[in-house]
S.K.: 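Got a structure for you, questions after.
Below, each value reflects all heavy atoms present in this structure, side chains not excepted, and no hydrogens, waters or symmetry copies. On a predicted model such as this, the values are computed, not experimentally measured, just so you know.
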Amino acid sequence: MPVQSLAKSKPCWAKVQEEPLSLAELYRRHVQAVARWARRLGGPGIEVEDVVQEVFLVAHRKLAAFRGESSPATWLYRITENVTRHRRRKERWRRWLSGSAEETAGPAPSAQGTPHEALEQRQRERALYQALEGMKEKYRRVLILFELEELSGEEIAELEGAKTATVWVWLHRARAELVRRLEAMEQREVGR
Amino acid sequence: MTVQRWKEISYEASTPEGRVAELFRELPGPKPLSAEQLGRIERGIQARLALEGGGRLPRWLKRLIGGGLFLGAALAFAAATRLWRAPARAPSPAPIVELPAHAPLPERAPELPRPTPQRAQPPAAAKKNAVPRQSKPPAGPSLEEETRLLRRVLQLRAVEREPVEALGALAEYRDRFHSPRLLSEVEIEVLQAELLLEASRFPEAVVQFDAVLAASSARAVEERALFGRALARAGLGDGPGSLEDLNLYLNLYLERFPAGRFSERARQLNGAK
């Protein structure tokens, strides 16, 4: 079953188009969705603007080869996923090389709520992404797609090229592992 | 067909499913890109496309060029292959040990492969007399080696706190890897500038940061370079002029990255002048 909709951005997962796509059209329709995927897949440390730029450059290079087997949104999602994965790998290097506290500090708290609340929210987010960081890529992706993007099992299976039942198993394992990791992190914090 | 969303299933808060759902629910939704951000992205894409020459040439011309390149590569490959094979056909300079004409043929075991004159040599001698390869295919440096060298740079910088030696290791890395896979060229440039700063080679650091800022519009690189340049300017002297300069660059940094990675430290430095 082709991916028909994405909970928060239905137009992005519209049916496969018949007419040829242009980069401008792709950009106009999907830029916000790509930014959101980049932010969610990459976590708080990702440079969203750079990723979005890279995704559309890759899309531009591959556009001629795009045959419409999947929807443009699915295709763009896969490019975003690849670009984000590479960025995260490079970011690990960058953090390692710079080794400074500022490098790992992440973005500033959002303007919503009090500074204290914003700080707490930011810390929670960082802890969650820290726990996600060491997990298997597919588990990490499945959790993000399910919990944040609110995709259905069928939609995730389509994106991942797996059976729905397999996605369910991955999700089950991913949750258990995430909880284990968070508990271990809490214990380390208490031990300090 | 209605799509069953697992999200709609409610779980007990004590189960892993319930706990994970709760954790993710607490996360703030990412804000949509602002008009300013979109403008920056569009300008970046246009600049990169212009740089790559994408979209300027008609498709037929690109195909023609692509075809020409392919043909050229194929011809080059064919030529290289001929060169590669040529020495094998040439007579070997190694002395050939010939069996004497009157040597008795073995009576038995004729089914065994008869040793060729070269094979009659002991292996060590054969190796010694082997024809040296005329053209060795260039073996690209491995990713492991790149990792090892980059790790060395890091170790010198972050663990041993030896920026001068780290600069040397980085120079070696650059010599060895002209097309690095782990860092982009501009990331190496900014790393070098930071090392110059840490080595108190402030004038060179300023020049290097200037070059980085001129070459890259990537946000992460620009942020590091702006902040680094501010510190390098401060390192150039302790007079009021230098402090003014520092102030100027820090303001520039804060204006561009009000909530950046170094903004808190930049404000502290600005306030401490």
S.K.: Heavy-atom distance under 4.5 Å to chain B: side chain of L132(A), backbone, both or neither?
M.R.: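 For L132(A), the contact with chain B is made by the side chain alone.
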S.K.: Return the CD1 to CZ distance between I144(A) and F24(B), rounded to the nearest 0.5 Å.
M.R.: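 Here the interatomic distance stands at 6.0 Å.
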S.K.: Using a cut-off of under 4.5 Å for heavy-atom pairs, which of L178(A), L128(A), V52(A), L23(A) has the most such pairs with chain B?
M.R.: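 Heavy-atom pair counts peak at L128(A).
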S.K.: Looking at every non-hydrogen atom in both residues, tell me the closest pair between R40(B) and Q53(A) and how far apart they are.
M.R.: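 Taking R40(B) first and Q53(A) second, the nearest heavy atoms are O-OE1, 4.5 Å.
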S.K.: How long is the straight-line distance from CD1 of I41(B) back to CZ of F56(A), given to the nearest 0.5 Å?
M.R.: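 So the gap between those two atoms works out to 8.5 Å.
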S.K.: Restricting to ring pair (Phe, Tyr, Trp, His ring centres under 6.0 Å), what partner residues turn up for F209(B), sequence neighbours left out?
M.R.: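 For F209(B), no residue satisfies ring pair (Phe, Tyr, Trp, His ring centres under 6.0 Å) once neighbours in sequence are set aside.
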S.K.: With E264(B), which residues qualify under side-chain hydrogen bond (donor to acceptor under 3.5 Å, both in side chains), at least two apart?
M.R.: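 Here no residue qualifies.
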S.K.: Pick one of side chain, backbone, both or neither for H86(A), based on which atoms fall under 4.5 Å of a heavy atom in chain B.
M.R.: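 Neither part.
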S.K.: Checking Q32(A) against L38(B) for the side chain to side chain contact (heavy atoms under 4.5 Å, CB included) test, could you report, in this order, the C-alpha distance in whole Å, the side-chain angles of both residues, the deciding distance, and whether it holds?
M.R.: CA-CA 9 Å; Q32(A) 293 290 359; L38(B) 286 170; 4.0 Å; yes
S.K.: Count the heavy atoms belonging to other residues, nucleotides or ligands that lie under 6.0 Å from CD of E255(B), then report whether that count exceeds 12.
M.R.: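 Not more than 12 within 6.0 Å, no.
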